[in-house]
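Here it is: the structure, laid out below.
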Amino acid sequence: MAARPPFDLSHAAISWWRENGRKDLPWQQEPTPYRVWVSEIMLQQTQVRTVIGYFDAFMKRFPTLQSLAEASEDDVLHRWTGLGYYARARNLHKAARHACEHFGGELPADQAKLESLPGIGRSTAAAIMSLAHQQRATILDGNVKRVLARFHAIDGWPGERTTLDTLWARAEEHTPSQDFRIYSQAMMDLGATLCTRSNPHCLLCPLQPGCAGQHTPQLYPGKKARKPLPVRATTLLIAVDDQGRALLEKRPSRGIWGGLWSFPEFADKSALCNWLARNYYPPTRDLEALTPFRHTFSHYHLDITPIRADVSREHSNAGRVMDGDKYVWYKHEDVGSSPDGAPPDGAPPDGTPPGGFAAPVVRLLNQLQENTLP
DNA sequence: AAGGCGTGGCC
DNA sequence: TGGCCAAGCCT
């Protein structure tokens, strides 16, 4: 079998850009170091559409590096209003003054010197070097990270040192020695228009033939590793009356399942038993815990132990429990096969709660209905 | 090195 | 619908 020649990423990206790239952005006209610099700062964590509304006005007010340096910080911040990340504007102003003071009023064509200016990091410095000074330099912004992470199927979150190092290494390797200016712009355009975070257009992508992530783009770049969620435990009382109704409790509006209907919740079995004995006669037989199961929230796992207790409402001293606004005896065959969604109005204490159910409660109610509680 | 910084768009 | 993310950098 003949070895396939390695896919030439930069060549493919450059060819694509010549045909399909963006060439009419405001900062691409007269790409002077100053204009490229201002645009790159504005574009940090900010989408092109938003920046377009600010760039020309800013450049009109501060047409040169000198004019920016001579302006007051307040004036600069004023022109930045609405763009967000205002430290960018303060740094821009500081850097302009520094450049006037120490770099002869010009932005240096030197990556290290650029990076010494406040607000200019490795990638922004490279963008200025490449796009404005026409020197070979490697950028790695969010677009390029996404493109390269997919192209090389690089696992891991780019916020991690090792992942970031890998991405920089790949980025350096791909940077051509010719047309690096076009290459830089092409990679950003690919990330912004085709290799988007969601719904990338792989079929239109010039890198698709060599892309290791083309079938699973959603895996890249990797997401931040979540530290393992804490585990909490709770106990739910499934009190069932002689007609098969279950006691539900309306939860307080704050906290988990706020305002939803749930089974009465207790810290543990003994708290549950105390409550049961206080409000009903002690159950006729020992309470057996049902099979515990896990419900996961965004911020913790909740291990739920349901405990069923058959109670007789004839023999209850439940007057203080039976607050119709907070408790209801519920049988969901009265309303339908599933308690999903908002049940129709019902009159407590017998009937249907006028609100939603906590998710695990739906599961338990269905099992109760089908008599399949484990 | 993890978190803060702003606003707008996405599903 | 609210969490996640976007042409990052600084501390």
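Please read these numbers as outputs of a predicted model, since none were measured by experiment. Lettering of chains follows the sequences in order, A, B, ..., and the numbering in each one begins at 1.
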A/Trp157 or A/Gln47, whichever maps to the more 5' nucleotide of DNA chain B: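 First, find each residue's nearest nucleotide; the 5'-ward one identifies A/Trp157.
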Contact class for A/Gly82 (heavy atom, under 4.0 Å): base, sugar-phosphate, or nothing? sugar-phosphate
Using only heavy-atom distances, decide whether a donor-acceptor pair under 3.5 angstrom links the side-chain of A/Thr46 to the base of B/dG6.
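Per atom types, the contact qualifies.
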Would you say a side-chain N or O of A/Arg146 is under 4.0 Å from OP1 or OP2 of C/dA6?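 For C/dA6, OP1/OP2 do have a side-chain N/O of A/Arg146 under 4.0 Å.
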Atom pair distance, as rounded to whole Å: OH in A/Tyr54 and C1' in B/dG6 =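 Going from A/Tyr54 (OH) to B/dG6 (C1'), I get 10 Å.
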Between C/dG2 and B/dG6 - P atom distance, rounded Å
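Between the two P atoms, the distance is 23 Å.
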Exercise. Which comes earlier along DNA chain B counting from the 5' end, the contact point of A/Gln45 or that of A/Arg49, where each point is its nearest nucleotide?
Worked result: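 Upstream on the strand: A/Gln45.
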### Task
For the residue pair A/His174 and A/His152, categorise the inter-ring angle as parallel (less than 30°), tilted (30 to 60°) or perpendicular (more than 60°).
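It falls in the parallel class, under 30°.
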Strictly distance-based, threshold 3.5 Å: is any side-chain N or O of A/Gln208 a donor or acceptor partner for the main-chain N or O of A/Cys205?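 Not confirmed, A/Gln208 side chain does not pair with A/Cys205 backbone.
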Q. Does the distance from a Lys or Arg side-chain N to an Asp or Glu carboxylate O, for A/Lys60 and A/Asp56, drop under 4.0 Å?
A. no
Rounded to whole Å, CD1 of A/Ile139 lies from P of C/dG8 at a distance of 10 Å
- [ ] Indicate, with a heavy-atom threshold strictly under 4.0 Å, whether A/Trp80 touches base, sugar-phosphate, or nothing.
- [x]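 If one applies the 4.0 Å heavy-atom cut-off, A/Trp80 turns out to touch nothing in the nucleic acid.
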Both A/Leu117 and A/Val48 contact DNA chain C. Which one's nearest nucleotide lies toward the 5' end?
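That would be A/Val48.
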note: A/Leu164, atom CG; B/dA1, atom C1'; distance rounded to Å ~ 12 Å
**Message:** Taking 4.0 Å as the cut-off, does a side-chain nitrogen or oxygen of A/Thr124 come that near to OP1 or OP2 on C/dC9?
**Reply:** yes
>> Between B/dG4 and C/dG3, how many Å separate the two P atoms, rounded to a whole number?
In response: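 16 Å, rounded to whole Å.
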Given DNA chain C, 5'-ward residue of the pair A/Ile41 and A/Pro221, judged by closest heavy atom:
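Mapping each residue to its closest nucleotide by heavy atoms, the 5'-most match is A/Pro221.
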*asked:* Rounding to an integer number of Å, can you tell me how far A/Gln44 CD sits from C/dG8 P?
replied: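 Roughly 7 Å, once rounded to whole Å.
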Query raised in the report: Taking atom P of C/dC5 as reference, at what distance in whole Å does atom CG of A/Asn143 sit?
Result: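 Going from A/Asn143 (CG) to C/dC5 (P), I get 15 Å.
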Please check the phosphate of C/dC9 (OP1 and OP2 only) for any side-chain N or O of A/Lys94 closer than 4.0 Å.
-> no
query: To the nearest Å, how far apart are A/Lys145 NZ and C/dG8 C1'?
result: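 Distance, rounded to whole Å: 7 Å.
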How far, in whole Å, is C/dT1 from B/dT7 if one measures between their P atoms?
23 Å
Within residues 182-206 of chain A, the residues having a heavy atom closer than 4.0 Å to DNA chain B are A/Arg197, A/Asn199
**OP:** On the 0 to 90° scale, with breaks at 30° and 60°, tag the A/Phe151-A/Phe7 ring pair as parallel, tilted or perpendicular.
**Re:** tilted
List the steps and the verdict of side-chain contact (heavy atoms from CB on, under 4.5 Å) for A/Asp75 and A/Arg79.
CA-CA 7 Å; A/Asp75 197 358; A/Arg79 309 293 160 160; 3.4 Å; yes
Any base atoms under 4.0 Å from A/Ile120, or only sugar-phosphate, or nothing? Heavy atoms, all strands. sugar-phosphate
Rounded to whole Å, CG of A/Leu83 lies from P of B/dC5 at a distance of 18 Å
**Study point:** Heavy-atom pair with the smallest gap, counting every atom of A/Asn143 and A/Gly191
**Key:**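 It is OD1-C, 3.2 Å.
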Q. Is there a side-chain hydrogen bond (donor to acceptor under 3.5 Å, both in side chains) between A/Thr193 and A/Arg22 once you walk through the steps?
A. CA-CA 10 Å; A/Thr193 65; A/Arg22 297 178 294 188; over 6 Å; no
query = Atom CD of A/Glu115 to atom P of C/dC9: distance rounded to whole Å?
reply =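 It is 8 Å, rounded to the nearest whole Å.
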Whether the side chain of A/Ser39 engages the backbone of A/Val36 through a donor-acceptor N/O pair (distance < 3.5 Å, no angle test) should be reported.
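Between the backbone of A/Val36 and the side chain of A/Ser39 there is a qualifying donor-acceptor contact (under 3.5 Å).
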- Taking only side-chain nitrogens and oxygens of A/Tyr86, does any of them come within less than 4.0 Å of OP1 or OP2 of B/dT7? yes
